[in-house]
Amino acid sequence: MNKKALPLSISFDNSYSSLPEVFYARLSPTPVSKPGLITFNIELAKVLGIKYFGDNACLAEIFSGNKAIEGSEPLAQLYSGHQFGQYNSQLGDGRAILIGETIGRDGKRRDIQLKGSGRTPYSRGGDGRAWLGPVLREYVISEAMHALGIPTTRALAAVTSGEPVLRETLLPGAILTRVAQSHIRVGTFQVFSARKDFTALRDLLEYTIARHYPDSEGPLGFLKQVIEAHAKLIPQWMGVGFIHGVMNTDNCQIAGETIDYGPCAFMDSYHPMQVFSSIDQFGRYAYGNQPDIIVWNMAQLATALVPLMPDIERAISDFTQVVHNMVPLLRKNWLSVFSAKIGISSPQKKDEQLINALLNLMADSNSDFTNTFAALGKDKARDQFLEPEKFDLWEKRWMERIKDIKDVEETLAVSNPVLIPRNHRIEEMIQASVEGDFFLFHRLIEAYSKPYTSLELFKDLRRPPTEVEKVTATFCGT
Ligand code: AMP
Ligand code: MG
């Protein structure tokens with residue numbers, strides 16, 4: 001044992017590890033041969049109150065899982081879930097290990113998890129590893145989401161493992177350190193409900209209420225609050241053209257953060273049925289289906305909670321009502337996100353028609369989603385349309401509604417990012433990184449940290465892909 005003090009300390013305050021053993025498997029990350037630090041998120045480390053003294057080699061040892069930080073109680077969490085509508089009775093962290101929880105300077109409790117840290121009892125056929133591409137992809141996109149102001153898990157560090165990972169070919173292995181309000185998923189409730197382990201289910205509910213929704217009461221009150229969180233989140237995704245790609249119930253986090261960035265993507269040209277994920281053959285998780293799917297996922301959470309209620313029939317009726325109420329809630333939140341995107345901060349019901357009229361024109365023209373909204377109120381907006389005269393008519397209607405462009409400029413600017421992580425930029429960055437060049441990775445992180453600011457330095461990142469640059473399919477992060 002190396003007794004030398006590590007150059008980093010985290011003040012752990014673990015709570016999940018106090019739950020009964022049915023909730024997880026205790027185990028340590030599997031060491032890797034030659035870890036190398038790609039990046040360490042100093043800004044996030046500060047929020048978490050992490051103390052470190054900057055030795056890259058040592059940070060790599062820690063964030064690869066080779067060296068344990070004092071106070072860490074590593075474990076892999078159990079969960080199940082519906083994948084593309086089919087129930088899979090046991091999933092769980094197949095390649096992730098929760099190293100512990102810490103309470104940040106902001107008073108918030110967060111999980112710190114290594115992803116790609118070796119096999120666990122839930123790995124099934126998998127190798128427990130991740131390759132560099134998906135690690136950097138999650139790093140850049142989750143940090144971009146955070147900067148866009150959308151609830152998300154975050155990235156604390158990325159390291160190369162020095163070991164190859166076999167996918168279609170041999171690829172460089174890597175490990176991501178993920179930070180989340182927790183890793184409790186809809187699927188965490190489903191696994192105990194399906195097993196009829198109602199003691200565990202009750203323990204989990206009590207634990208989760210205390211951790212995330214302390215002012216909610218009982219299964220019904222809890223369900224309502226989880227629904228409210230997701231009814232906020234999904235319209236926010238839609239407002240930036242984000243497509244999660246695998247909204248399985250195991251990828252649906254109870255605290256309402258975006259989690260599990262697999263084949264996700266941001267749209268370039270707008271189309272409501274846009275899909276990128278290579279595994280989403282039928283478009284279940286298409287851009288415009290996301291509100292329906294989240295309702296479906298919440299119905300699965302409701303179903304999992306029903307057995308905790310004393311009167312099952314009454315519970316089914318109450319829960320159904322609460323789930324159905326999510327539909328108008330999503331619609332209301334969608335309206336406030338999109339009306340802000342056209343500069344309206346107090347939307348009226350009829351603004352929905354105005355927004356949809358614009359979106360329809362955009363779909364007809366394959367207009368760039370981000371650039372069209374960012375150009376509203378400026379001369380170049382009409383350039384985004386195949387038939388600019390049609391946009392002119394829309395703009396006239398819009399002007400009648402907003403009266404004076406000066407009054408809405410501020411709302412437009414804070415509601416329409418100029419920079420989103422475009423797929424072709426992510427792919428270009430991954431390719432360079434695989435060859436050992438991390439310049440683009442660092443550049444994207446910096447650029448996407450200020451997505452609402454138009455800087456000359458990052459002007460090239462605003463350009464949509466050319467025909468050859470277009471990424472038409474994204475692949476799961478396995
Ligand atoms: P995902 O599609 O990334 O949400 O993963 C679905 C399930 O497969 C989760 O239980 C993961 O932990 C597991 N999994 C994904 N990739 C691997 C891998 N390379 N090794 C072991 N388990 C994996
Ligand atoms: Mg997952």
Side-chain angles (χ1 to χ4, degrees), residues 23-25 27 29-30 32 64-65 74-99 111 113-139 141-142 152-153 155 161 163-191 194 243-255 257-265 275-281 284-285 293-294 297 300 473-478:
F23 286 89
Y24 48 77
L27 83 168
T30 310
V32 297
S64 61
L75 57 87
Q77 291 175 313
L78 171 70
Y79 52 85
S80 65
H82 278 89
Q83 300 181 305
F84 291 92
Q86 299 295 320
Y87 186 65
N88 189 333
S89 64
Q90 189 179 303
L91 294 163
D93 294 333
R95 53 164 167 174
I97 289 180
L98 173 68
I99 61 168
D111 276 5
Q113 190 200 58
L114 301 184
K115 189 170 172 186
S117 51
R119 288 180 52 83
T120 78
Y122 315 121
S123 297
R124 297 171 293 157
D127 59 3
R129 295 298 185 191
W131 75 274
L132 186 62
V135 165
L136 298 184
R137 192 183 168 80
E138 174 157 349
Y139 196 110
I141 299 184
S142 65
T152 175
T153 62
S161 65
E163 294 174 359
V165 174
L166 182 65
R167 295 297 179 255
E168 280 91 36
T169 55
L170 281 178
L171 293 160
I175 296 156
L176 177 79
T177 305
R178 175 160 74 179
V179 172
Q181 278 192 44
S182 87
H183 287 81
I184 302 169
R185 302 146 191 270
V186 168
T188 320
F189 284 86
Q190 288 182 285
V191 71
I243 304 165
H244 183 283
V246 247
M247 289 174 74
N248 293 334
T249 57
D250 55 306
N251 293 336
C252 184
Q253 188 226 44
I254 292 292
E257 290 178 324
T258 314
I259 195 170
D260 280 4
Y261 292 86
C264 66
V275 179
F276 286 99
S277 168
S278 61
I279 53 168
D280 192 0
Q281 286 175 26
R284 179 180 170 92
Y285 301 137
I293 287 296
I294 198 65
N297 286 354
Q300 305 316 310
T474 50
F475 299 89
C476 235
T478 46

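Numbering of ligands and ligand atoms starts at 1, following listing order.
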For [atom], which of [options] has the closest heavy atom?
atom                    : options                       : value
atom 6 (C) of ligand 1  : Gln83, Arg95, Lys115, Gln90   : Gln83
atom 22 (N) of ligand 1 : Gly128, Gly94, Pro134, Pro263 : Gly94
atom 13 (C) of ligand 1 : Gln77, Arg124, Arg129, Arg185 : Arg124

Any side-chain heavy-atom pair from [X] and [Y] closer than 4.5 angstrom?
X      : Y      : value
Arg119 : Leu27  : no
Asp250 : Gln83  : yes
Ser80  : Tyr87  : yes
Arg167 : Asp127 : yes

Atoms of ligand 1 less than 4.0 Å from [X] heavy atoms?
X      : result
Gly126 : 20 (N), 21 (C)
Ser123 : 21 (C), 22 (N)
Asn251 : 4 (O)
Asp260 : 4 (O)
Tyr79  : 9 (C), 10 (O)

query: Near the Mg ion (ligand 2), which protein N/O/S atoms fall under 2.8 Å?
result: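 Atoms qualifying: Asn251 OD1, Asp260 OD2.
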message: Could you work out, with side-chain hydrogen bond (donor to acceptor under 3.5 Å, both in side chains) as the rule, every residue matching Thr177, not counting sequence neighbours?
response: none
Does [X] have a non-hydrogen atom less than 4.0 Å from ligand 1?
X      : result
Val246 : no
Arg119 : no
Arg167 : yes
Gly92  : yes

- prompt: Does a donor on one side chain and an acceptor on the other come within less than 3.5 Å for Gln190 and Thr249?
  reply: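 Their side chains do contain a donor-acceptor pair, which is all the 3.5 Å distance test asks for.
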Tyr261 and Thr153: side chain donor to acceptor below 3.5 Å: no
- prompt: Does Phe84 have its ring centroid less than 6.0 Å away from the ring centroid of Tyr285?
  reply: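 Under 6.0 Å, so yes.
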query: Which atom pair, heavy atoms only, marks the closest approach of Ser142 to Thr152?
result: O-CG2, 3.5 Å
- request: Check salt bridge (charged side-chain N to carboxylate O under 4.0 Å, His left out) between Asp111 and all other residues, then give those that pass, not counting sequence neighbours.
  value: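 Applying salt bridge (charged side-chain N to carboxylate O under 4.0 Å, His left out) to Asp111 gives Arg211.
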query: Taking only residues two or more places apart in sequence or in another chain, which ones pass salt bridge (charged side-chain N to carboxylate O under 4.0 Å, His left out) with Arg178?
result: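 Partners of Arg178 by the salt bridge (charged side-chain N to carboxylate O under 4.0 Å, His left out) criterion, ordered by chain and then number, come out as Glu138, Asp260.
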query: In Å and rounded to the nearest 0.5 Å, what is the SG to NE2 distance from Cys252 to His82?
result: 12.5 Å
